[in-house]
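Below you'll find the structure, written out as structure tokens, and then a few comments.
Because the structure is a prediction, the values reported are computed rather than measured.
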Amino acid sequence: MPLLTQNKRIDRLSSTTELFSRYSHLEENAKEFRSKSPVTVDPKCLLYVQQREFAATTPGDNSVSIIGSADATTCHLVVLRHTGSGATCLAHCDGSSTWTEVPLLVNAVTSLSNSAKDGRLELHLVGGFDDDSKTSHKLSLNILVAFQKQKEEIHLETCCITDMNDVVRDGIHRPIVYGIGVNVKTGELFPASFPQRGPAEDLRSARTFTGGQMVGVYDSTKEQVTIGPCRWAPNRDIAFWLAEDDDTILQYLSTSPYAEPPHFVQHIKSTIQFLLDHPSAENLFPGGQPQRFQRTEQGTWERESQQ
């Protein structure tokens with residue numbers, strides 16, 4: 001089935017510029033969205049999604065009100081929601097395997113919407129900017145085409161991507177919106193920032209850093225964050241990065257070295273240190289079982305003890 005906007009089929013596109021010139025309401029919606037001030041999200045109601053992760057749940061979830069993600073430069077943040085069931089999925093896509101990732105997101109929402117007789121699938125895309133290598137442009141088009149190829153009818157509602165998410169400051173192109181949240185109770189989408197990004201932030205970053213593919217990190221039936229089990233090979237060779245200066249790390253370990261948020265380098269070094277401290281992931285997952293986290297009454301994520 002086609003990808004639609006205002007109930008009209010979106011035809012094949014050669015650029016994001018063409019998309020916005022053909023469908024001017026998407027441009028207007030993007031301008032309105034990017035003009036909103038970011039909301040600082042309370043971690044007590046948050047389910048945070050890292051790069052190459054997705055999470056899905058329903059309005060009946062007692063542990064999660066907001067799903068969010070940030071630090072998207074060339075990456076795109078994808079929200080898919082079923083208006084009948086309210087089932088909502090957020091993914092942080094970096095282009096590593098868009099064609100296999102998009103069906104995972106569609107399935108995550110439709111599998112939580114089987115009992116809903118009415119409603120439709122609505123898509124919201126935020127991220128990317130006018131980067132020199134055109135990485136954002138390529139990812140924008142690949143995501144749009146991947147959704148066009150799904151058998152479900154999907155309605156594109158928000159499209160604040162690439163050219164529409166670009167600003168020039170001090171002669172350098174940067175994204176306007178780096179992070180978003182979606183309220184799983186109401187479906188409201190908004191620019192957001194996140195003072196806390198747990199649980200298991202370093203472990204999850206290490207999984208992605210060592211090549212882990214897109215994966216779901218939340219079991220909505222048990223209301224648990226579920227991580228792993230992961231695998232990676234010992235690699236002492238990465239230790240040299242800890243002594244490198246910020247500019248070197250940005251040039252070699254970022255797709256957009258001039259547009260990264262201020263904490264990017266520290267985040268990379270923290271991830272590398274975690275991998276050096278845990279040369280094998282085996283001990284992190286006793287019995288080959290995932291790490292599971294439940295929301296406490298205080299609003300924190302607490303790891304369940306292994307049985």
task = Assess whether side chain to side chain contact (heavy atoms under 4.5 Å, CB included) is satisfied between Leu90 and Ile180, documenting all intermediate values.
result = CA-CA 10 Å; Leu90 186 150; Ile180 62 169; 4.1 Å; yes
request  = Decide side chain to side chain contact (heavy atoms under 4.5 Å, CB included) for Glu157 and His124; before the verdict, give the C-alpha distance in whole Å, the side-chain angles of both, and the deciding distance to 0.1 Å.
outcome  = CA-CA 6 Å; Glu157 297 292 312; His124 307 270; 3.5 Å; yes
Please report the interatomic distance [atom1]([X]) to [atom2]([Y]), rounded to the nearest 0.5 Å.
X      : Y     : atom1 : atom2 : answer
Phe209 : Arg52 : CZ    : CZ    : 11.0 Å
Leu123 : Cys89 : CG    : SG    : 10.5 Å
Asp130 : Thr74 : CG    : OG1   : 12.5 Å
Gln148 : Leu4  : CD    : CG    : 10.0 Å

key: Residue that, paired with Thr162, satisfies side-chain hydrogen bond (donor to acceptor under 3.5 Å, both in side chains) out of Ser136, Ser140, Ser15   =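 When Ser136, Ser140, Ser15 are each tested with Thr162, the side-chain hydrogen bond (donor to acceptor under 3.5 Å, both in side chains) holds only for Ser140.
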Ignoring hydrogens, what is the shortest heavy-atom contact between [X] and [Y]? Give both atom names and the distance.
X      : Y      : answer
Val102 : Ala146 : CG2-CB, 3.7 Å
Ser14  : Leu141 : O-CD1, 3.5 Å
Thr88  : Val79  : CG2-CG1, 4.1 Å
Tyr178 : Pro261 : CE2-CD, 4.1 Å
Glu223 : Gly60  : OE2-O, 4.2 Å
Ala91  : Met214 : CB-CE, 4.3 Å

request  = Go through Ile67 and Thr57 one step at a time and tell me if the side chain to side chain contact (heavy atoms under 4.5 Å, CB included) criterion holds.
outcome  = CA-CA 9 Å; Ile67 308 176; Thr57 192; 4.1 Å; yes
key: Test ring-ring contact (aromatic ring centres under 6.0 Å, His included) applied to Tyr48 and Phe194, Phe54, Phe293, the passing residue   =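 Answer to the ring-ring contact (aromatic ring centres under 6.0 Å, His included) test with Tyr48 among Phe194, Phe54, Phe293: Phe194.
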ask   = Transitively linked via ILVMFWY side-chain contacts under 4.5 Å: Trp99 with Leu125?
value =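 Result: no, two separate clusters.
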Within the structure provided, determine whether [X] and [Y] are in side-chain contact (heavy-atom separation under 4.5 Å).
X      : Y      : result
Trp241 : Leu276 : no
Leu284 : Phe274 : yes
Gln50  : Glu201 : yes
Arg34  : Met164 : yes
Thr255 : Thr73  : yes

message = Between Glu53 and Ser69, do the side chains contain a donor N or O and an acceptor N or O under 3.5 Å apart?
response =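 No - no donor-acceptor pair under 3.5 Å links their side chains.
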query = Do Glu122 and Thr83 get their side chains close enough for a donor-acceptor pair, meaning under 3.5 Å?
reply =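 Their side chains do not contain a donor-acceptor pair, so the 3.5 Å distance test is not met.
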ask   = Tell me, which pairs form a side-chain hydrogen bond (donor to acceptor under 3.5 Å, both in side chains) where one or both residues lie in residues 207-216, sequence neighbours left out?
value =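 Every pair satisfying side-chain hydrogen bond (donor to acceptor under 3.5 Å, both in side chains) with a residue in residues 207-216: there are none.
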request  = Step through the shown structure and confirm whether more than 12 heavy atoms of other residues, nucleotides or ligands are within 6.0 Å of NZ on Lys36.
outcome  =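 Atom NZ in Lys36 is packed in, count exceeds 12.
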Greater than 12 external heavy atoms within 6.0 Å of Arg22's CZ =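 Yes, CZ of Arg22 has more than 12 neighbouring heavy atoms, counting only those of other groups under 6.0 Å.
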ask   = Where does the angle between the aromatic ring planes of Trp301 and Tyr218 fall among parallel (under 30°), tilted (30 to 60°) and perpendicular (over 60°)?
value =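 Aromatic pair Trp301/Tyr218 classed perpendicular.
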query = What do the steps show when you test Arg303 against Ile227 for side chain to side chain contact (heavy atoms under 4.5 Å, CB included), and what is the final call?
reply = CA-CA 11 Å; Arg303 186 176 174 185; Ile227 309 299; over 6 Å; no
With a cut-off of 3.5 Å and sequence neighbours excluded, list every side-chain donor-acceptor pair involving residues 181-188.
{"unit_1": "Asn183", "atom_1": "OD1", "unit_2": "Lys185", "atom_2": "N", "d": "2.8"}
{"unit_1": "Asn183", "atom_1": "OD1", "unit_2": "Thr186", "atom_2": "N", "d": "3.2"}
{"unit_1": "Lys185", "atom_1": "NZ", "unit_2": "Pro59", "atom_2": "O", "d": "2.9"}
{"unit_1": "Lys185", "atom_1": "NZ", "unit_2": "Asp61", "atom_2": "O", "d": "2.4"}
{"unit_1": "Thr186", "atom_1": "OG1", "unit_2": "Glu188", "atom_2": "N", "d": "3.2"}

key: side-chain hydrogen bond (donor to acceptor under 3.5 Å, both in side chains) assessment of Glu302 paired with Gln294   = CA-CA 5 Å; Glu302 184 177 87; Gln294 199 91 34; over 6 Å; no
key: SB check Asp71 Arg197 (cutoff 4.0 Å)   =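 Looking at Arg197 together with Asp71, the answer is yes, because their closest N to O distance falls below 4.0 Å.
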